[in-house]
Protein chains: 2
Amino acid sequence: MHLLAQEEYGLRCLLQVANGPSDRPMAISDIAEAEGLSLEYSAKLLRQLRIGGLLESRRGVSGGYWLTRPAEEISVWDALQVLGGTFLSEAFCEEHPGQATSCLRNSNCGIRPMWELIESSLRELLSNVNIAELNNGECCMRERLGMPVAEDSKHLAIAEKS
Amino acid sequence: MHLLAQEEYGLRCLLQVANGPSDRPMAISDIAEAEGLSLEYSAKLLRQLRIGGLLESRRGVSGGYWLTRPAEEISVWDALQVLGGTFLSEAFCEEHPGQATSCLRNSNCGIRPMWELIESSLRELLSNVNIAELNNGECCMRERLGMPVAEDSKHLAIAEKS
DNA sequence: TCTATACTTGACTAAACAGTATAGAATCCT
DNA sequence: AGGATTCTATACTGTTTAGTCAAGTATAGA
């Protein structure tokens with residue numbers, strides 16, 4: 001139950017495109033530089049986002065990437081579906097039979113409802129955050145998400161220790 | 001953002017121990033058989049749960065595993081901490097600097113609050129479910145979690161298609 | 001058409017996860 | 001003490017993820 005690197009970095013690349021110029025494509029090199037990633041890795045992630053239908057691209061001089069629809073209409077859920085697949089695959093039970101031919105818990109599994117609840121909670125939460133909002137900065141996002149804004153952030157707390 | 005196999009299977013092994021006889025240890029072979037897992041894999045997962053402090057064990061004839069505290073006092077969050085680590089590591093930002101020496105978003109990251117919200121939502125939800133409940137079966141858990149009980153379960157919906 | 005630019009594709013290496021195999025050590029019973 | 005039982009510890013193989021590399025192709029402009 002880890003956040004994948006490509007979910008983090010892929011989302012960051014997508015945010016760069018969303019935040020880029022609206023009249024022309026944004027080049028991979030600019031995106032990579034802005035996020036401190038290698039050009040090659042950014043290219044890989046951007047390609048994945050293109051294949052997933054969130055971006056379009058053009059090659060050649062003044063080529064680059066742009067969004068297929070307005071940033072306000074792309075949810076974080078959409079992005080993570082493309083970048084990391086689902087938390088709980090539809091075939092999860094079929095994929096975890098252990099050594100049996102089908103999962104022995106199939107008929108009465110107390111765990112399954114819990115995974116499903118998590119999945120639906122994540123969907124609920126992330127479907128309602130769009131990538132335009134994420135570009136508005138940390139304080140805006142904290143406020144938007146109903147989180148405490150100042151000292152008690154986990155990150156700041158760590159920084160204070162040192 | 002996947003559920004790890006060891007989180008699913010490890011939790012299942014833990015549930016078997018919780019559901020086992022209270023007057024004597026439960027053998028790996030019984031646990032493995034009950035969940036349809038290989039003895040070796042079960043042993044690996046149970047060992048991890050022991051090292052994580054949720055189980056104790058004894059070797060030899062009539063040896064096996066037992067809980068270190070009552071099942072009602074072991075939350076799913078506790079189990080997943082041992083089995084899968086955290087969703088969002090405390091060092092997450094430090095671990096994702098890309099090619100830079102430290103993450104370029106460090107001072108103002110719109111994404112971080114969102115990951116933190118997910119982490120705390122998961123903790124909130126999973127800390128309040130204990131492993132004794134999970135052994136009460138699917139219908140009980142659905143009711144317990146405020147989920148629809150019958151036809152509109154994802155799993156049943158899939159089954160009905162075929 | 002030639003060329004520089006910038007994305008595309010597939011292959012490749014290293015690390016983490018999934019699951020298996022095996023020799024070893026502790027416990028109980030006789 | 002001896003031996004069967006059952007957990008322990010480490011190593012090993014295959015698959016997925018992380019990230020890099022290099023050769024190729026499309027585009028714009030001269």
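Here is the naming used below: chain letters follow the sequence lines, and residue numbers restart at 1 for every chain.
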Problem - Residue whose nearest DNA chain D nucleotide is more 5′ - A/Leu4 or A/Glu40 - result: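 With A/Glu40 and A/Leu4 compared, the 5'-side residue is A/Leu4.
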Problem - Criterion side-chain contact (heavy atoms from CB on, under 4.5 Å) against A/Val17, the qualifying member of A/Leu54, A/Leu67, A/Leu49 - result: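 Exactly one candidate clears the test, A/Leu67.
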Separation of atom [atom1] in [X] from atom [atom2] in [N], rounded to whole Å:
{"X": "B/Trp66", "N": "D/dC7", "atom1": "CH2", "atom2": "P", "answer": "10 Å"}
{"X": "A/Glu8", "N": "D/dA18", "atom1": "CD", "atom2": "C1'", "answer": "14 Å"}
{"X": "A/Gln6", "N": "D/dT16", "atom1": "CD", "atom2": "P", "answer": "14 Å"}

Handout entry: Closest non-hydrogen atom pair between A/Arg142 and A/Pro148, with its separation
Key =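 Looks like NH1-O, 3.0 Å.
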Identify all side-chain donor-acceptor contacts of residues 24-32 of chain B below 3.5 Å with residues at least two apart in sequence or on another chain.
none

Problem - Residues from residues 17-33 of chain B lying under 4.0 Å of DNA chain C - heavy atoms - result: none
Practice task
Go through residues 42-65 of chain B and report each residue with a non-hydrogen atom lying under 4.0 Å from DNA chain C, sorted by number.
Solution key: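 Here the set is B/Lys44, B/Arg58, B/Arg59, B/Gly60, B/Val61.
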Exercise for the section: Map every base of DNA chain D to its dot-bracket character, where paired means a Watson-Crick or G-U wobble contact with both distances under 3.5 Å and | marks a partner outside the strand. Expected result: ||||||||||||||||||||||||||||||
Can you sort out the partners of [X] under side-chain hydrogen bond (donor to acceptor under 3.5 Å, both in side chains), two or more places apart, ordered by chain and number?
{"X": "A/Glu56", "answer": "A/Trp66"}
{"X": "B/Ser57", "answer": "none"}
{"X": "B/Glu133", "answer": "B/Arg144"}
{"X": "A/Arg105", "answer": "B/Glu35"}

Handout entry: Residues clustered with A/Val61, ILVMFWY side-chain links under 4.5 angstrom
Key =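 When side chains under 4.5 Å apart are linked, A/Val61 ends up in no cluster with other residues.
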Problem - Apart from A/Leu45 itself, residues in the same hydrophobic cluster as defined by side-chain heavy atoms under 4.5 Å - result: A/Tyr9, A/Leu37, A/Tyr41
Donor-acceptor pairs under 3.5 Å, side chain of residues 76-86 of chain A to any protein atom, not counting sequence neighbours: which ones?
| residue | atom | partner | partner atom | Å |
| --- | --- | --- | --- | --- |
| A/Asp78 | OD1 | A/Ser75 | OG | 3.4 |
| A/Asp78 | OD2 | A/Arg69 | NH2 | 3.0 |
| A/Asp78 | OD2 | A/Ser75 | N | 3.0 |
| A/Asp78 | OD2 | A/Ser75 | OG | 3.1 |

Problem - Boundaries of the DNA chain C segment in contact with chain B, non-hydrogen, under 4.0 Å - result: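 Going 5' to 3' along DNA chain C, contacts run C/dA18 to C/dC28.
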